[in-house]
Chemist: 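I'd like to ask some things about the structure below.
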Amino acid sequence: MTYLDSSADSPRAFLLMEANLKQLQERRPKVAVLPWGATEAHNYHLPHGTDNTVATAYAHHAAAAAYAKGAEVVVLPVIPFGNNAQHIDQVATIHMSTATTYAILRDVCHSLKSQGIDRLVLVNGHGGNDFKQLVRDLQEEHKIMIVQVNVFQLIPQIKGETFPEPGNHAGDSETSIMLHVCPSMVVMGNASSGRSVPFDIPHLKQAGVWTPRIWSKNQPDTGAGDPRPATAEKGKRVFEAGVKALADVLVSLAAAQKGELPYV
């Protein structure tokens with residue numbers, strides 16, 4: 001997956017990295033879509049940019065479908081860094097602090113609202129990112145509606161049917177999606193088991209109790225879940241269903257009128 005598609009016949013107005021000013025003025029976007037990923041190790045077989053690639057792919061394909069239905073949407077360039085504090089000892093993993101994340105998101109909100117774009121969709125491709133508290137603060141501060149979408153949670157039934165053991169990092173589901181979206185970047189011969197080393201302290205791994213994993217200790221190959229059953233066919237099924245679900249969100253949000261809850 002590339003961020004600019006050289007195979008496109010002309011600049012696509014729903015992708016900000018391609019769109020020109022004339023296109024944007026003639027069909028002004030009402031909804032901005034911001035893919036947000038991370039740069040981190042994904043077992044031995046997936047690229048460090050997996051989260052960016054997947055979030056961008058979902059955003060691009062969903063925006064294309066929504067735009068074709070008349071929705072005025074535009075996809076912003078991906079934010080390539082996420083919260084990776086517990087991965088920081090892994091080579092070339094880049095961690096972005098919550099304070100930095102807040103500052104970037106605040107400036108994006110300010111810029112969009114200044115141009116009359118008052119709806120923002122965050123397409124989150126990294127499990128370590130959590131924008132809820134930031135959204136609460138910034139939505140009130142800038143009077144802009146912010147919607148967070150976690151791409152791997154969009155279609156739980158289809159995902160559950162497709163992946164009995166999906167894994168939660170570089171496992172079957174994430175690897176299958178990458179095999180569909182960007183197969184040239186997947187080196188399945190390198191894939192390791194994605195085994196987890198459980199906590200030693202009793203009662204810490206149960207519902208209602210949470211603390212971060214020390215990634216290099218709890219997930220020795222940086223994976224969490226076995227990627228070896230992955231196939232492009234499974235990835236295609238889940239990806240296409242997720243794109244449709246996200247496109248529906250964009251169409252609905254673009255059509256919303258002021259006063260329709262929660263767009264007030």
Side-chain angles (χ1 to χ4, degrees), residues 1-37 52-80 101 104-125 129 131-132 134-151 153-155 181 239-264:
M1 180 68 191
T2 58
Y3 302 132
L4 291 176
D5 185 356
S6 59
S7 67
D9 295 330
S10 60
R12 291 168 290 182
F14 58 87
L15 301 182
L16 190 56
M17 289 293 286
E18 295 182 11
N20 55 59
L21 181 58
K22 183 174 179 59
Q23 289 175 306
L24 295 169
Q25 288 177 333
E26 289 177 347
R27 188 169 167 180
R28 295 185 67 90
K30 295 178 180 177
V31 177
V33 182
L34 180 59
W36 204 307
N52 303 317
T53 298
V54 171
T56 299
Y58 269 108
H60 282 199
H61 285 259
Y67 195 81
K69 293 182 178 180
E72 296 91 347
V73 299
V74 65
V75 181
L76 310 183
V78 66
I79 305 297
T101 301
I104 291 172
L105 189 54
R106 179 193 60 205
D107 288 351
V108 170
C109 290
H110 173 71
S111 300
L112 294 174
K113 188 62 185 294
S114 298
Q115 300 144 19
I117 302 172
D118 64 352
R119 282 155 279 184
L120 172 64
V121 177
L122 301 175
V123 178
N124 182 21
N129 294 337
F131 300 100
K132 287 183 179 179
L134 306 185
V135 168
R136 294 179 192 277
D137 290 348
L138 290 169
Q139 184 161 294
E140 173 60 25
E141 179 182 346
H142 292 282
K143 308 305 179 186
I144 181 172
M145 185 178 183
I146 308 172
V147 176
Q148 173 179 305
V149 176
N150 288 300
V151 296
Q153 298 173 15
L154 275 176
I155 46 166
V181 170
F239 180 78
E240 290 182 347
V243 165
K244 183 183 183 303
L246 179 55
D248 289 343
V249 171
L250 300 181
V251 170
S252 179
L253 192 56
Q257 300 296 314
K258 275 287 188 181
E260 293 181 349
L261 292 176
Y263 180 43
V264 296

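Just the heavy atoms: all of them, side chains too, but no hydrogens, waters or symmetry mates, feed the values below. Positions are given from 1, in the same order as the sequence printed here.
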Chemist: Can you see which heavy atom on A254 is nearest to which on E72, and at what distance?
Modeler: CB-N, 4.1 Å
Chemist: Is there a side-chain contact between V108 and I79 in this structure, where contact means two heavy atoms from C-beta onward sitting under 4.5 Å apart?
Modeler: no
Chemist: Atom CD of residue position E140 - does it have more than 12 heavy atoms of other residues, nucleotides or ligands inside 6.0 Å?
Modeler: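 No, not enclosed.
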Chemist: Does K258, at its NZ atom, have more than 12 non-hydrogen atoms belonging to other residues, nucleotides or ligands within less than 6.0 Å?
Modeler: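 Result for NZ/K258: enclosed.
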Chemist: Is any side-chain heavy atom of V31 less than 4.5 Å from a side-chain heavy atom of V147?
Modeler: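 A side-chain contact under 4.5 Å is absent here.
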Chemist: Is there side-chain contact between R12 and Q23, with at least one heavy-atom pair below 4.5 Å?
Modeler: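 No. Closest side-chain heavy atoms not under 4.5 Å.
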Chemist: Do V123 and V151 make a side-chain contact, defined as non-hydrogen atoms from C-beta onward lying under 4.5 Å apart?
Modeler: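 Of all side-chain heavy-atom pairs linking V151 with V123, at least one is under 4.5 Å.
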Chemist: Could you tell me whether the side chain of I146 reaches within less than 4.5 Å of the side chain of F131, counting heavy atoms only?
Modeler: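 In short, these two side chains do not touch, never coming nearer than 4.5 Å.
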Chemist: Enter the distance from Q115:CD to R28:CZ here, rounded to the nearest 0.5 Å.
Modeler: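 Reported value, rounded in 0.5 Å steps: 7.5 Å.
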Chemist: Is there a side-chain contact between T101 and W36 in this structure, where contact means two heavy atoms from C-beta onward sitting under 4.5 Å apart?
Modeler: yes
Chemist: Do the non-hydrogen side-chain atoms of L16 and P77 ever get within less than 4.5 Å of each other?
Modeler: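 A side-chain contact under 4.5 Å exists here.
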Chemist: Among V75, L122, V121, which one satisfies side chain to side chain contact (heavy atoms under 4.5 Å, CB included) with P35?
Modeler: V75
Chemist: If you draw the axis of the six-membered ring of Y67, does the NZ or CZ of R27 fall within 45° of it and under 6.0 Å from the ring centre?
Modeler: yes
Chemist: At their closest point, which heavy atom of P29 faces which heavy atom of V74, and how far apart are they?
Modeler: CB-CG1, 3.6 Å
Chemist: Going by heavy atoms in the side chains, are Q25 and L21 under 4.5 Å from each other?
Modeler: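 Touching, per the 4.5 Å side-chain cut-off.
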Chemist: Look at the aromatic rings of F239 and H61 and report parallel, tilted or perpendicular, splitting at 30° and 60°.
Modeler: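 Plane angle over 60°, so perpendicular.
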